[in-house]
Amino acid sequence: KSLTCKRSPMRPAQTPLHIATLILATALSVLSLNMFLPSLAHISEDFAADYALVNLSIAGYLIITGVLQIVMGPLSDRYGRRPVMLVCGAIFVVASIGCVLADTIWSFLGFRLLQGAGIAGQVVARATVRDMHPPNEAASKLGYISMAMALAPMLGPMLGGTLDMAFGWRASFVLYTGFGLAMLALVWTDFGETNQTRAATFGKQMREYPQLFTSRRFWGYALCVAFSVGGFFSFITGAPLVAAAWFDLSPAMLGLGIGIITGGFMVGSFITGRIAGRIGMIPMIIAGRSVAVAGPLAGLALFLAGQGHELIFFGAAICVGFGNGLTIANANAGLMSVRPNLAGSASGLSGALTAALGAALTSGTGWLVTPANAPYAVLSMILAASLLALASALYVRWVDLREPLPDMT
């Protein structure tokens with residue numbers, strides 16, 4: 001599959017922009033978070049640093065990527081998608097090399113935070129799709145891209161763990177360097193400029209930015225995405241305690257159970273890619289949220305009735321994953337269509353909101369879930385997040401009925 005876009009003098013390639021380029025850019029941004037997770041203990045040993053300090057390579061990375069998403073969106077709206085991808089790709093490569101050569105924990109953490117520039121792969125890819133397609137078709141393309149966000153977390157830690165066992169923890173960052181260089185080459189040859197509505201100055205661009213804050217549609221779509229993803233964070237945070245305290249599952253079975261929700265997301269994203277262009281965004285989102293509500297609601301009811309079982313708990317999670325697959329690509333296409341000239345800004349702001357809410361729900365799950373209430377608390381939090389996401393989608397539908405938008409191309 002390929003995406004058609006206008007020719008740009010900045011673009012050396014003579015072929016249309018391929019969706020594979022955007023999928024790979026998105027996958028790399030996800031891999032940069034989790035591929036080296038199995039190596040955290042070895043990094044701690046190598047630098048003789050506390051594990052909590054080494055863990056800043058994850059927590060700090062999440063914070064910096066949340067901030068960067070707010071900045072990268074407007075930058076790509078003003079200066080173009082291609083320059084932002086190239087600059088951020090170069091920073092990611094330099095940072096990866098720095099991690100390989102780091103001789104202290106502080107230099108490692110500094111370069112690790114610089115790797116956050118790789119988040120451009122997510123922000124810019126979404127905006128690029130919206131540049132070239134009307135909302136419904138953009139949702140279809142984003143569905144395929146979303147599959148990469150599901151597959152990469154499943155495969156990344158396995159690859160990182162294998163590299164650590166064979167060559168040590170620095171091998172993962174060597175591979176990051178290679179992936180970054182390959183992505184730079186791919187962007188240079190296949191990524192033409194798609195933003196044809198850039199503002200004359202960055203100041204003018206930033207003055208238009210508040211338009212998103214006053215858009216009820218944008219906040220409806222953005223909160224729908226944030227709560228949908230937040231339910232997933234609640235699940236993966238609470239599932240280990242449920243598995244250990246209630247069902248005595250082995251780590252391997254727990255991993256399989258957590259992978260199930262990701263599999264459901266991939267199936268839902270694939271269906272979105274196939275039919276979103278014909279069905280429409282809001283019907284797909286409401287259908288997805290309905291499934292995501294039905295799963296944990298049924299699971300919670302069965303647990304309260306004394307019929308709790310691991311298949312019921314993880315089955316509820318499958319519904320959440322599948323519902324998210326029907327939801328997220330469509331909602332992302334919708335929030336970037338509210339102000340097409342601010343598609344990058346909308347993508348970045350939504351991503352930052354999702355990261356912040358995900359962190360809050362992760363912390364809340366850690367505080368509220370105990371061995372005694374684990375399945376009830378986790379299913380309740382997933383249900384609450386799913387209901388709030390559904391309410392956000394219905395709010396957008398309510399706004400659409402009262403303030404119809406013209407057809408967007």
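Along the sequence shown, the residues carry numbers beginning at 1. Side chains included, hydrogens not; waters and symmetry mates left out as well; all remaining heavy atoms used.
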Visitor: Are any non-hydrogen side-chain atoms of I43 and D46 less than 4.5 angstrom apart?
Guide: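 No; the side chains remain at least 4.5 Å from each other.
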
Visitor: Do V67 and I70 have side-chain heavy atoms sitting under 4.5 Å apart?
Guide: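 Not touching, per the 4.5 Å side-chain cut-off.
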
Visitor: Under 3.5 Å, side-chain donor or acceptor atoms of residues 313-322 against the rest of the protein: list the pairs with distances, not counting sequence neighbours.
Guide:
none

Visitor: So does R274 get a backbone contact from the side chain of R278, meaning a donor-acceptor N/O pair under 3.5 Å?
Guide: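 Yes, the answer is positive, given that a donor and an acceptor are paired below the 3.5 Å cut-off.
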
Visitor: Could you tell me whether the side chain of R82 and the main chain of F191 form a donor-acceptor pair under 3.5 Å?
Guide: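 Pair found, side chain donor or acceptor close to backbone of F191.
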
Visitor: Does a side-chain heavy-atom distance below 4.5 Å link S386 with I382?
Guide: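 Result yes, sub-4.5 Å side-chain heavy-atom pair found.
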
Visitor: Of the options T189, T26, D190, which is the one that meets T21 in a side-chain hydrogen bond (donor to acceptor under 3.5 Å, both in side chains)?
Guide: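 That would be D190; it is the only one of T189, T26, D190 passing the side-chain hydrogen bond (donor to acceptor under 3.5 Å, both in side chains) with T21.
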
Visitor: Are L86 and L184 side-chain neighbours, meaning at least one heavy-atom pair lies under 4.5 Å?
Guide: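 Yes, at least one pair of side-chain atoms sits under 4.5 Å.
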
Visitor: With sequence neighbours left out, what residues match R81 under salt bridge (charged side-chain N to carboxylate O under 4.0 Å, His left out)?
Guide: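 Here the qualifying residues are D77, D131.
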
Visitor: Only pairs under 3.5 Å count here: list side-chain donor-acceptor contacts from residues 346-359, not counting sequence neighbours, and write none if there are none.
Guide:
residue: S347; atom: OG; partner: V123; partner atom: O; Å: 3.1
residue: S347; atom: OG; partner: R126; partner atom: NE; Å: 3.0
residue: S347; atom: OG; partner: R126; partner atom: NH2; Å: 3.1
residue: T354; atom: OG1; partner: S350; partner atom: O; Å: 2.9

Visitor: Applying salt bridge (charged side-chain N to carboxylate O under 4.0 Å, His left out), can you list everything that pairs with R397, at least two apart in sequence or on another chain?
Guide: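 With sequence neighbours excluded, R397 shows a salt bridge (charged side-chain N to carboxylate O under 4.0 Å, His left out) to no residue whatsoever.
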
Visitor: Looking at W398, I'd like to know if the NZ or CZ of R216 sits under 6.0 Å from its six-membered ring centre while staying within 45 degrees of the ring's axis.
Guide: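 No, R216 does not sit over the ring of W398.
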
Visitor: Picking from I145, V129, T128, what satisfies side-chain contact (heavy atoms from CB on, under 4.5 Å) with I19?
Guide: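 Filter result, single survivor: I145.
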
Visitor: Where do R289 and T327 land on the side chain to side chain donor-acceptor pair (under 3.5 Å) test, with the steps shown first?
Guide: CA-CA 7 Å; R289 297 333 304 150; T327 298; 3.1 Å; yes

Visitor: With sequence neighbours left out, write down each residue that passes salt bridge (charged side-chain N to carboxylate O under 4.0 Å, His left out) with D164, or none if nothing qualifies.
Guide: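 With sequence neighbours excluded, D164 shows a salt bridge (charged side-chain N to carboxylate O under 4.0 Å, His left out) to no residue whatsoever.
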
Visitor: Please examine the side chains of L24 and L28, heavy atoms only from C-beta on, and report whether any two atoms are closer than 4.5 Å.
Guide: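 The answer is no; the side chains never approach within 4.5 Å.
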
Visitor: What about W246 and Y376, are their ring centers closer than 6.0 Å?
Guide: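 Between Y376 and W246, which both carry aromatic rings, the centre distance is below 6.0 Å.
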
Visitor: Whether the side chain of N324 engages the backbone of S228 through a donor-acceptor N/O pair (distance < 3.5 Å, no angle test) should be reported.
Guide: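 Side chain of N324 to backbone of S228: a pair is present.
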
Visitor: Do R112 and Y61 meet the cation-pi criteria used here (NZ or CZ under 6.0 Å from the six-membered ring centre, within 45° of the axis)?
Guide: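 Ring-cation test returns yes.
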
Visitor: Tell me whether S44 contacts the main-chain N or O of A49 through its side chain, where contact means a donor paired with an acceptor under 3.5 Å.
Guide: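 Between the backbone of A49 and the side chain of S44 there is a qualifying donor-acceptor contact (under 3.5 Å).
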
Visitor: Tell me, please, which residues at least two apart from F173 pass ring pair (Phe, Tyr, Trp, His ring centres under 6.0 Å).
Guide: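 Residues passing ring pair (Phe, Tyr, Trp, His ring centres under 6.0 Å) with F173: F36, F108, W169, Y176.
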
Visitor: Is there a side-chain contact between F92 and S32, using heavy atoms and a 4.5 Å cut-off?
Guide: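 Counting from C-beta outward, F92 and S32 do come under 4.5 Å.
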
